Every structure is written in structure tokens, then in C-alpha cells.
Amino acid sequence: MRKTLLFLISCLLISISLTGCWGKSNVDSPQVSVPSTSVIGTGDLPDYDDFLKLMEDFKNNIAIDGFSLIPPVKTIFLIERDFTFDKKDTITLGGGSGDFNPTQQLFIFEKEDKSVQFYVRFSYTEIDMGNNLVAWEIPVGYENADAELLNRTDMATYTYRNLIVTITQNAKTKADNKTTKEVVKSVLKILDNYYSE
């Protein structure tokens, strides 16, 4: 019995010693961060007034070489409720027919020779989705589709905090991915500058 007790105490001491040694390892272990369970920002989420200021700032500060900004128009878009999961009658802040606070803004940039247009659309939400490239659609490789039509469009979709940003190139002949990338860089730069203040 005494030998068994001594053996158990020895095992316990060895286990404690080994645990202490493991904690002092020289090997760097990767840092793991646990994501927040909430997707809504805590106090620093841009509100609707910030969205309106950004739209004004964007209109006044964006410049794309070789393209002219067609003055944007404030539009209230009526929509059937079944297209909005029965939540809205309009694409506005409150979603009602008497609400005149749109949650989307379209900016159209047109090339001087009118061969290419860029559509930059901002859509406001109340949910922080983080900053992420969601999709880049270059419709190539679809052998059974009309290649001429496919080649005319190039589109990138981003989430930027509580915004959904879509940048679409629409060309008369063939969309140029390099130009789309330059426009995307310009848009992201404006967003970074606006939200870093």
C-alpha cells in the first residue's frame, strides 16, 4: 500500500513538472483570436448620416482618368414586398412608401468616347459585415453563352463595414479588367480615407 501511494505521488509530481516544462517551451505557438459573436459594431458603426456624408464626399473627391461623373440623382425605388422578404415597400431607411431616405446611391462614370461606363453603387445596411471582397465576376469560359455579350461586363462586389459596394464595368465591345482594377483602387482609397478620420 505504501509503495502504491509513493508511486501515485511520484506520478503526480512528474505530471506537474512536465506541465511546467511545456509552458516554458521555446517553440512559438500561433496566436489564435476568437471572433466576436456579434456582427454589429459597438458604437463605432457608421450611421445613416455618415452614409450621406460619404456619398457627398465621394461625389466631390472621386476622379477617374478619362471618365466623367454623370451627376447622381437621388432616387426612391419602389419595390413589391415579396422581393424584400416582406420587409419593405421601398429601398429606403424605413422601408415605407412615405420614407424619402434612400439606402442606395448609384454613381455613373462614362468614358469620353461613350464606349465604357462604370457603375459604382453603395448600399447602406445597419449590419457591420467587415471589409471583404465578396465576388469578382469575369464571365469567361461559358462556351454555350454569347461571348460578345459576356465580354462586355466586369464586376466586383465588396462589403465595407456596413456598406455593400458594387463596381461594374459595362463596355460596348469588351470590358478591360485592368481598368476595373484601377477604378476599384480609387473607390477603396476614398473609403479608407473617409473611415480613417
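Heads up: numbering here begins at 1 and tracks the sequence. Note that this is a predicted model, so its numbers are computed, not measured.
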Thinking salt bridges, do Glu182 and Lys178 make one under a 4.0 Å N-O criterion? no

Should Glu56 and Lys53 count as an ion pair when the cut-off is N to O under 4.0 Å? no

Are there more than 12 heavy atoms of other residues, nucleotides or ligands under 6.0 Å from atom CG of Asp65? no

Do [X] and [Y] have side-chain heavy atoms sitting under 4.5 Å apart?
X: Thr157; Y: Val165; result: no
X: Val184; Y: Tyr158; result: yes
X: Phe100; Y: Thr90; result: no
X: Leu191; Y: Leu188; result: yes
X: Asn61; Y: Ile190; result: yes
X: Glu110; Y: Val116; result: no
X: Gln117; Y: Lys111; result: no
X: Glu126; Y: Leu93; result: yes

Does a side chain donor of either Asn162 or Asp128 reach within less than 3.5 Å of an acceptor in the other side chain? no

Please find the pair of heavy atoms, one from [X] and one from [Y], that lie closest to each other, and give the distance.
X: Ser186; Y: Ala63; answer: OG-O, 4.4 Å
X: Ile164; Y: Met129; answer: CG1-CE, 3.7 Å
X: Met155; Y: Thr166; answer: SD-CG2, 3.6 Å
X: Lys88; Y: Thr92; answer: NZ-O, 3.5 Å

Thr179 vs Phe67, test: side chain to side chain contact (heavy atoms under 4.5 Å, CB included). Steps then yes/no. CA-CA 11 Å; Thr179 309; Phe67 288 83; 4.3 Å; yes

Less than 6.0 Å separating the ring centroids of Tyr119 and Phe107? no

Would the distance check show the side chain of Asp50 and the main-chain N or O of Asp47 forming a donor-acceptor pair, the cut-off being under 3.5 Å? yes

Quick test of your reading: applying salt bridge (charged side-chain N to carboxylate O under 4.0 Å, His left out), list the pairs with at least one residue in residues 158-177, sequence neighbours left out, ordered by first then second residue. Asp44-Arg161

Between Tyr124 and Phe51, what is the ring plane arrangement, given parallel below 30°, perpendicular above 60°, and tilted in between? tilted

Tell me, with the steps shown, if Val187 and Phe58 meet side chain to side chain contact (heavy atoms under 4.5 Å, CB included). CA-CA 8 Å; Val187 171; Phe58 186 82; 4.1 Å; yes

With Lys87 via salt bridge (charged side-chain N to carboxylate O under 4.0 Å, His left out) - residues at least two apart: none

According to ring-ring contact (aromatic ring centres under 6.0 Å, His included), who are the partners of Tyr160, at least two apart in sequence or on a separate chain? Tyr195

Check the pair Thr180 / Gln169 against side chain to side chain donor-acceptor pair (under 3.5 Å), numbers first and verdict last. CA-CA 7 Å; Thr180 303; Gln169 180 183 167; 2.6 Å; yes

